[in-house]
There are 2 protein chains.
Amino acid sequence: MGPVRQLLSGVDLTEQQWRVLRVVQESGPIDPTQIADQACLLLPSLTRILQKLEEKGFIDRARDETDRRRQVVTLTATGMEVIEQNIDASLALIERTREKMGAEDYEALLDLLRKLNGLEL
Amino acid sequence: MGPVRQLLSGVDLTEQQWRVLRVVQESGPIDPTQIADQACLLLPSLTRILQKLEEKGFIDRARDETDRRRQVVTLTATGMEVIEQNIDASLALIERTREKMGAEDYEALLDLLRKLNGLEL
DNA sequence: CCAAACTACTTAACATGTTATGCTTATGCG
DNA sequence: CGCATAAGCATAACATGTTAAGTAGTTTGG
């Protein structure tokens, strides 16, 4: 993750903050529980991350009027800009890693990690 | 790591504290820089962990009289006891994970992780 | 219909990850 | 020898991981 942190340091974002932004971008309006699931974060961590992202003006949070326990997280225009400005470098970094490892090994690693993650120990 | 944390919660040790204890046990008297290397920890984290382990009475720290910048970390009798009391369950947990994943996949995962770790991005 | 159980999220407290900085002791070199 | 530099740790500051509790809103069984 070192290169990722370096990439994001220019816009004052951490790995996790970036990951959450990307999840919101790809999913559209979404509630924290689903974000946590997709970003592999526990809710207490996500709570703090969403607070930071809101302070920075990258997301908005609204109460879900159907179920008032829930929130709806949305990207702001600023948030979309930040993603646009960094997405190419981010994807390039992933691709570079994939090439350095070899595509087959890269996929094999992901599969094995998913398998380990799915295990009941 | 969930099961590991559960295993160690009985003796009030965290994963990393346990890992450091194990490194010291296997290496014998050793300095913090080498511990950090073997346990995959950064020195600031290790500093705090060693402080905790010393408070708990599981390790001793002495200045290296040859090079007074260095320390020598040693297991105490209490530290050895804690390891003896938990090592079997710890190894059993590793073995169980290995079996659940399948030995081949388990080894393949370790190899791929080592490969990724060795990569220069 | 209502109290108990549950869900979604927050807060708190402590441990660690990460980067930058500081301090002390060693080393290399002119 | 004497100083600049480097090595080995410690500290500080902030972000996250992890577990336990707390709060508000919802659902459900009697």
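To find a chain, count down the sequence lines: A is the first, B the second, and so on, and within it residues start at 1.
- No hydrogens or angles considered: a donor-acceptor pair under 3.5 Å links the side chains of B:Gln25 and B:Arg22.
- Nearest nucleotide to the side chain of B:Leu42, out of D:dC9, D:dT16, C:dT19: C:dT19.
- When the nearest nucleotides of DNA chain D are assigned to A:Pro44 and A:Arg68 by heavy-atom distance, the more 5′-ward of the two goes with A:Pro44.
- Look at CE on B:Met1: it is 11 Å from P on C:dG17, rounded to the nearest Å.
- If you check C:dT16, D:dC9, C:dT10 against the side chain of B:Ile49, the one that comes closest is C:dT16.
- Residues B:Val20 and B:Leu93 share a hydrophobic cluster, clusters being chains of Ile/Leu/Val/Met/Phe/Trp/Tyr side chains in contact below 4.5 Å.
- Residues B:Asp67 and B:Arg19 both approach DNA chain C. Their nearest nucleotides, taken by heavy-atom distance, put B:Arg19 toward the 5′ side.
- With hydrogens and angles disregarded, a donor-acceptor distance shorter than 3.5 Å links the side chain of A:Thr76 to the backbone of A:Gly57.
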| Working for side-chain hydrogen bond (donor to acceptor under 3.5 Å, both in side chains), residues A:Asp31 and A:Gln34 | CA-CA 6 Å; A:Asp31 61 277; A:Gln34 290 185 62; 2.6 Å; yes
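- Residue A:Pro32 has its side chain nearest to C:dC9 when only C:dG17, D:dT18, C:dC9 are considered.
- The base of C:dG17 lies close enough to the side chain of B:Arg48 for a donor and an acceptor atom to sit less than 3.5 Å apart.
- Regarding A:Trp18, its CH2 atom lies at a distance of 20 Å from the C1' atom of C:dT18, rounded to whole Å.
- As rounded to whole Å, 9 Å separates atom C1' of C:dG17 from atom CD of B:Gln16.
- If you measure from atom CG of B:Leu8 to atom P of C:dC14, you get 20 Å, rounded to the nearest angstrom.
- Nearest nucleotide to the A:Arg69 side chain, out of D:dC9, C:dC6, C:dT19: C:dC6.
- Environment of CD in A:Glu65: crowded, with over 12 heavy atoms of neighbouring residues, nucleotides or ligands closer than 6.0 Å.
- Residue B:Leu46 contributes atom CG, which lies 14 Å from atom P of C:dT18 at whole-angstrom precision.
- Closest-nucleotide positions on DNA chain D for A:Arg63 and A:Cys40 were compared, and the one nearer the 5' end corresponds to A:Cys40.
- Between B:Ile35 atom CD1 and D:dG8 atom P the separation is 14 Å, expressed in whole Å.
- Both B:Leu43 and A:Leu50 lie close to DNA chain C; mapped to their nearest nucleotides by heavy-atom distance, the more 5′-ward contact belongs to A:Leu50.
- Atom CG in A:Leu41 sits about 12 Å away from atom C1' in D:dT18, given to the nearest Å.
- For A:Gln51, whose side chain is taken as the heavy atoms from C-beta onward, the closest listed nucleotide among D:dA10, C:dT11, D:dA15 is C:dT11.
- Atom CG of A:Asp12 is separated from atom C1' of D:dC14 by 11 Å (rounded to the nearest Å).
- Distance from the side chain of A:Thr33 is smallest to C:dA8 among C:dA8, D:dC9, D:dA15.
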